[in-house]
Number of protein chains: 2
Amino acid sequence: MKVRTAPARKRSSGGLPKRGPAPRDDRNGARRGDTTRLAILNAAERCFGEGGFDGVSLRTITEVAGVDLALANYHFGSKDNLLREVIARRARIVHDERIRALEEARRLAGARSPSVEAIVTAFLEPLLRRLINRDQGWQHYASLVSQLDISPKFTVLTGDVLDPTALHFINALRLALPKAAPRAIYWGYMFLLGSMVQVMSATGRIERLSHGVCESDDIASALRELVPFVSGGLRALQTAPR
Amino acid sequence: MKVRTAPARKRSSGGLPKRGPAPRDDRNGARRGDTTRLAILNAAERCFGEGGFDGVSLRTITEVAGVDLALANYHFGSKDNLLREVIARRARIVHDERIRALEEARRLAGARSPSVEAIVTAFLEPLLRRLINRDQGWQHYASLVSQLDISPKFTVLTGDVLDPTALHFINALRLALPKAAPRAIYWGYMFLLGSMVQVMSATGRIERLSHGVCESDDIASALRELVPFVSGGLRALQTAPR
DNA sequence: TACGGATTTCAACATTCAATGAAATATAAT
DNA sequence: ATTATATTTCATTGAATGTTGAAATCCGTA
């Protein structure tokens, strides 16, 4: 009589015998539990984005997803891992598209360096375009990433996601701003990140401040201000500090 | 025989009969529980700053403070209220000092408007100066405020704290940048906030990105880049968008 | 149709959580 | 010293947390 408890799942590495779906061999075969997986992923994205990682329980998430509580651990192993997969799903897409946009900007610029505006736009557009289109999944993702980006606890996680992209754009900015010190470029990139995060984490504060002149979810309008702001700010770094 | 359970504490408003220290009538009389209160306040500040509000329990906080668990609720009523008091304690100081710095900038400028740099500096310095001095309490406070600023859950709380200050500086910026549209000013202020938050939430990412060229806790260096960046960005808003 | 693995369900586990009640102690005023 | 109040301690509440067995169900395949 077999024990039947551990279907030989091989987790990411060093796997202790745990349960969970078998590893995915071919990349297009849809499986039975995939709709469940997706439902949990989407619910987690929404809940994490609204309440933060620690502010939301797996019970709430699976309830929103309309599935049994135990399925979260079956499909994702742990709450931490669920967060990782929520992030990874969209981070890949943004990263690829940013790199492609940067290459396209380089192509258009020919032999010279792309303008600061072009570089900044290549960085901002891939994500913000989704928010302009009011894609709810992306909105929750943006809110979540913003929160993780600020929390010291999650530096490792967000670093793995954001840092590879960062280096490409920092190099591009270095070429576009030859007179700026390296230190200035690094901090400038952080400021770019911070300004973007402020746009993405639609907390509704700007409505109160502006008495309705601006709206948190009018990302298109925000982007029209954000690109010149960041570009002008980066250019100012060339001359200002001794 | 009296019941002795409710020492007639009047809570902030509509008070149900709860326990807790009596209201403070005169403003200089130190009381017995004040050292406990302070210990909890400081421990909460540190823990919230490192782990986030939902990521830290009252147990951890009181343990760090070296006091009994029940004292947290005795002195602060609830975890939410503890957070509010942690914020309020330092927020008042920063607000007052920012307003004073702005008035000083106005005085120095005479009849004309202060420069954008002066306004931005008046906003940034009061808080960042404490971080430059490596004041640990302020460091934790800054990290905490940064996280709350991004979380949709805490918009009301951070709004009450930050918005009054904001309006003063938005008005000042409007005068300093007469050609900028109001919409641009409001967004510009948000970008200023975002860039500052990125400096305050020392997640250590910039070390990794720059391979040690920049350091998260070298706030003085960051400030030297931040002021020209934000000022240049704000100025760019005057001309750029149609 | 029967087998076997993948998925789902159900019921718990052991902790941990914020909050409170009531008794004990400390402190100041009388 | 006595009384009243402020503070601290201790024990416990009921609910919520992430995680895990073990059985039940589903479904493609032999």
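On a predicted model such as this, the values are computed, not experimentally measured, just so you know. So you know, we letter chains A, B, ... as the sequences are listed, proteins then strands, and number each from 1.
Under the rule for a side chain to side chain contact (heavy atoms under 4.5 Å, CB included), the partners of A/Arg59 that lie at least two apart in sequence or sit in another chain are A/Ser57, A/Leu69. Every residue two or more places apart in sequence or in another chain was checked for a side-chain hydrogen bond (donor to acceptor under 3.5 Å, both in side chains) with B/Tyr189, and none qualifies. Under the side-chain hydrogen bond (donor to acceptor under 3.5 Å, both in side chains) criterion, A/Asp54 pairs with A/Lys153, sequence neighbours left out. In terms of the side-chain hydrogen bond (donor to acceptor under 3.5 Å, both in side chains) criterion, A/Glu103 has no residue partners (sequence neighbours excluded). By the side-chain hydrogen bond (donor to acceptor under 3.5 Å, both in side chains) test, B/Asp34 pairs with B/Arg24, sequence neighbours left out.
Contacts between residues 43-54 of chain A and DNA chain D, counted as heavy-atom distances below 4.0 Å, involve no residue at all. Of the residues in residues 58-65 of chain B, those placing a heavy atom less than 4.0 Å from an atom of DNA chain C are B/Leu58, B/Arg59, in numerical order.
Note on B/Ser57: a side-chain N or O is less than 4.0 Å away from OP1 or OP2 of C/dC17. At least one side-chain nitrogen or oxygen of A/Asn73 sits closer than 4.0 Å to the OP1 or OP2 atom of D/dT19.
Atoms CG (A/Leu69) and P (D/dA22) sit 18 Å apart, rounded to a whole Å. Between the C1' atom of C/dT16 and the NZ atom of B/Lys79 lies a distance of 12 Å, rounded to the nearest Å. We find that CG of B/Leu38 is positioned 16 Å from C1' of D/dT7, with the value rounded to whole Å. The interatomic distance linking B/Phe76 (CZ) with C/dA19 (P) rounds to 13 Å, in whole Å. Per the geometry, CG belonging to A/Leu82 stands 10 Å off P belonging to D/dG18, to the nearest Å.
Counting only residues at least two apart or on different chains, the salt bridge (charged side-chain N to carboxylate O under 4.0 Å, His left out) pairs with a member in residues 190-206 of chain B are A/Asp149-B/Arg205, A/Asp163-B/Arg205. Residue pairs satisfying the salt bridge (charged side-chain N to carboxylate O under 4.0 Å, His left out) criterion with at least one member in residues 71-80 of chain A, sequence neighbours excluded, are absent. Residue pairs meeting the ring pair (Phe, Tyr, Trp, His ring centres under 6.0 Å) criterion with at least one member in residues 146-168 of chain A, sequence neighbours excluded: A/Phe53-A/Phe154.
Taking the six-membered ring where tryptophan is involved, the planes of B/Phe191 and B/Trp187 are essentially parallel, since the angle between them stays under 30° and well short of 60°.
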Between the protein and nucleotides 8-10 of chain D, list every N/O to N/O distance that falls short of 3.5 Å.
residue	atom	partner	partner atom	Å
D/dT8	OP1	B/Thr36	OG1	2.3
D/dT8	OP2	B/His75	NE2	2.7

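Between the two ends of the helix from C/dT1-D/dA30 to C/dT30-D/dA1, each summarised by a five-pair axis, the helix axis turns through 0° (rounded to 10 degrees).
The two residues A/Ile87 and A/Tyr141 come nearest to each other via the heavy atoms O-CE1, 3.6 Å.
No hydrogens or angles considered: nothing links the side chains of B/Ser201 and B/Gln147 as a donor-acceptor pair under 3.5 Å. The closest side-chain donor-acceptor pair between A/Ser143 and A/Glu50, if any, does not fall under 3.5 angstrom.
Applying side-chain hydrogen bond (donor to acceptor under 3.5 Å, both in side chains) to B/Asn42 and the options B/His140, B/Gln136, B/Arg89, B/Arg37 leaves one that passes, B/Arg89.
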